[in-house]
Each structure stands twice: as C-alpha cells, then as structure tokens.
**Student:** 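Sending over a structure as structure tokens; questions will come in a sec.
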Amino acid sequence: AQSVTQLGSHVSVSEGALVLLRCNYSSSVPPYLFWYVQYPNQGLQLLLKYTSAATLVKGINGFEAEFKKSETSFHLTKPSAHMSDAAEYFCAVRTGGTSYGKLTFGQGTILTVHP
Amino acid sequence: EAQVTQNPRYLITVTGKKLTVTCSQNMNHEYMSWYRQDPGLGLRQIYYSMNVEVTDKGDVPEGYKVSRKEKRNFPLILESPSPNQTSLYFCASTPSDRAGEGYTFGSGTRLTVV
C-alpha cells in the first residue's frame, strides 16, 4: 500500500521568504512522486515529478524538490516566495504493478503569501 | 490543445435525482480516473479505468457508477445523489500504467446536493 502525509495543512510566509512544504511517503516499492498545485477555482497543475533519474528535481515557477529515500521525504521548496504562489499544493505518489498506476494524494497544504 | 474536459463546471441538484458528469480527453490516454476533493482529505479516487470496458473501484466508490464505452469518454454517474456527495470532482487521464507518467486533470465539477 502507498500513502502520503503532508505536514501542515496551512503554511504562511512573507513575500521573498523561503517556501518549504513538507511531504513524507510510504511505499513498499520504489515510488514515483509528484507535486501538484491548485489555484483557486482551477484544476490541478503538475509542478514537478521524481522518476528516479535525479534526486533533486526542478519544476515550474522556480520550485524544486529533493527525494530523500532514507527519510522517505519529498519536500517542496522555493527560495523566494511570490504573491502569485498562493495556492493549495498536493504531494502525490504513484507506483506501478498491481496498483494499476494509482495516484495517491496527501491532504494538501494551503500556502498563503503576505506582502 | 491536449486536455481533459469536464461538464458541467457547477451543478446544484436535489437528493435522489440521477445525474451524470461527463469527462472527455483528446490525448488517446488509456487510463482515466475520477477523484473527489474534500477539505482536509485531499483527493480520493472514486473509480478508474484501464481501457475500454475495463473499470474498477477506487477508495470511495459507494454511490457512484462509471462506464467506459469509448476510449476518450469516462462519465461519472450518481444514480441517487445524497448530500454527502457534495464535493469537488476531478476527472484525470494518463497514457499508461507506467508509474513515472503524471496525470492530466480536468478543471473540476463542483457538485452540491441539497
């Protein structure tokens, strides 16, 4: 079975500050990990994904995430927050095989950016 | 443009009145899935389909039906909606069961059952 836990349902930062959104996963097989962003009244947009090629993954809008197998983590970071980053962020895990490629999501983290 | 299209975007209905939410993708993807999003619970899978005429239950299938008669379409059917099905629904598709592929999501359908 696979699962994802996002630590912190709400994160608030000042514009220009570091953004850190935490994600821990559980999987009995090598996982593929994703971060999605959801802007208000919109669908989910893929930010970045880890597919075992490199542990540090760069995505769109200046975001990046590092896969740490020893910590079972895939935290999302951005060096300097912008007002336009305010959104809800979802970490997700996907494995193949008998799970038929099911994508399992964490509970989501709402990011607020203050001027 | 490659996309997943859901209709309607917003729907208010009454308890017990059958409804269908349509989903169509133009990317020739094999895998399609329905999710519901509720505050604090993230997205939970309702049903998924691996190809035409092949569907299976996800984590929260009770009260829902699906069908996959054509590769591009994957409608979600609520035979007798209840207030606990008030939620935001997303349809998604992906090329295959290769786990490294991401899903493409529709814009969502916000359903209210009164």
Side-chain angles (χ1 to χ4, degrees), chain A residues 1-10 21 23 25 27-54 57 59-60 65 67 87-110, chain B residues 1-10 21 23 25 27 29-51 54-61 68 87-110:
Chain A
Q2 57 193 37
S3 66
V4 174
T5 301
Q6 291 182 238
L7 301 175
S9 58
H10 290 82
L21 304 182
C23 171
Y25 70 91
S27 173
S28 57
V29 297
Y32 294 89
L33 296 158
F34 305 81
W35 275 100
Y36 283 86
V37 60
Q38 184 181 30
Y39 298 104
N41 298 314
Q42 294 188 27
L44 279 77
Q45 179 182 1
L46 181 65
L47 265 182
L48 50 81
K49 63 180 180 180
Y50 166 74
T51 58
S52 76
V57 181
I60 61 173
F67 173 71
E88 188 163 16
Y89 292 79
F90 293 95
C91 183
V93 61
R94 187 179 183 192
T95 58
T98 56
S99 71
Y100 297 109
K102 176 184 175 181
L103 191 63
T104 300
F105 286 87
Q107 304 91 323
T109 298
I110 296 173
Chain B
E1 180 188 355
Q3 59 185 0
V4 176
T5 302
Q6 292 178 233
N7 280 297
R9 288 293 307 276
Y10 301 91
V21 183
C23 173
Q25 50 94 3
M27 297 166 281
H29 285 173
E30 290 185 358
Y31 277 65
M32 298 186 74
S33 186
W34 276 102
Y35 287 83
R36 62 177 287 172
Q37 181 183 1
D38 301 289
L41 298 177
L43 283 83
R44 295 176 292 167
Q45 190 183 54
I46 303 171
Y47 269 94
Y48 63 94
S49 170
M50 292 164 280
N51 214 325
V54 183
T55 63
D56 206 348
K57 299 176 181 178
D59 297 318
V60 288
R68 187 96 180 270
S87 187
L88 179 58
Y89 292 86
F90 288 101
C91 181
S93 72
T94 187
S96 72
D97 64 350
R98 288 196 301 272
E101 298 282 355
Y103 275 70
T104 301
F105 284 82
S107 299
T109 296
R110 187 168 293 280

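Only a predicted model underlies this, so the values are computations on that prediction, with no experimental measurement involved. Here is how names work: the chains are called A, B, and so on, in the same order as the sequence lines, proteins then strands, and each is numbered from 1.
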**Student:** Search all heavy atoms of Gln25(B) against all heavy atoms of Arg68(B) and return the closest pair with its distance.
**Tutor:** NE2-NH2, 4.1 Å

**Student:** Checking Gln107(A) side chain against Ser9(A) main chain: does a donor-acceptor pair fall under 3.5 Å?
**Tutor:** no

**Student:** Gln38(A) versus chain B, heavy atoms under 4.5 Å apart: side chain, backbone, both or neither?
**Tutor:** side chain

**Student:** For the candidates Ala92(B), Gly42(B), Pro39(B), which exhibits the highest count of non-hydrogen atom pairs separated by less than 4.5 Å from chain A?
**Tutor:** Gly42(B)

**Student:** Do you know the tightest heavy-atom contact between Phe34(A) and Leu103(A)?
**Tutor:** CD1-CD1, 3.8 Å

**Student:** Heavy-atom cut-off 4.5 Å, strictly under: side chain, backbone, both or neither for Arg9(B) against chain A?
**Tutor:** side chain

**Student:** Check whether Glu88(A) gets within reach of chain B through its side chain, its backbone, both or neither, counting any heavy atom under 4.5 Å.
**Tutor:** side chain

**Student:** Using a 4.5 Å cut-off on heavy atoms from C-beta on, say whether the side chain of Val57(A) contacts that of Phe67(A).
**Tutor:** no

**Student:** Measure Tyr36(A) against the heavy atoms of chain B and call it side chain, backbone, both or neither at under 4.5 Å.
**Tutor:** side chain

**Student:** Examine whether an atom of Leu41(B) lies under 4.5 Å from a heavy atom of chain A, and if so say whether it belongs to the side chain, the backbone or both; otherwise answer neither.
**Tutor:** backbone

**Student:** With chain A, which of Gly40(B), Ser33(B), Gly108(B) has the greatest number of heavy-atom pairs at distances under 4.5 Å?
**Tutor:** Gly40(B)

**Student:** Taking all non-hydrogen atoms of both residues into account, name the closest pair between Ser87(B) and Asp38(B) and its distance.
**Tutor:** OG-OD1, 2.9 Å

**Student:** Kindly give the heavy-atom pair with the smallest separation between Cys23(A) and Trp35(A), and that separation in Å.
**Tutor:** CB-CZ2, 3.4 Å

**Student:** Where on Gln6(B) is there a heavy atom nearer than 4.5 Å to chain A: the side chain, the backbone, both, or neither?
**Tutor:** neither

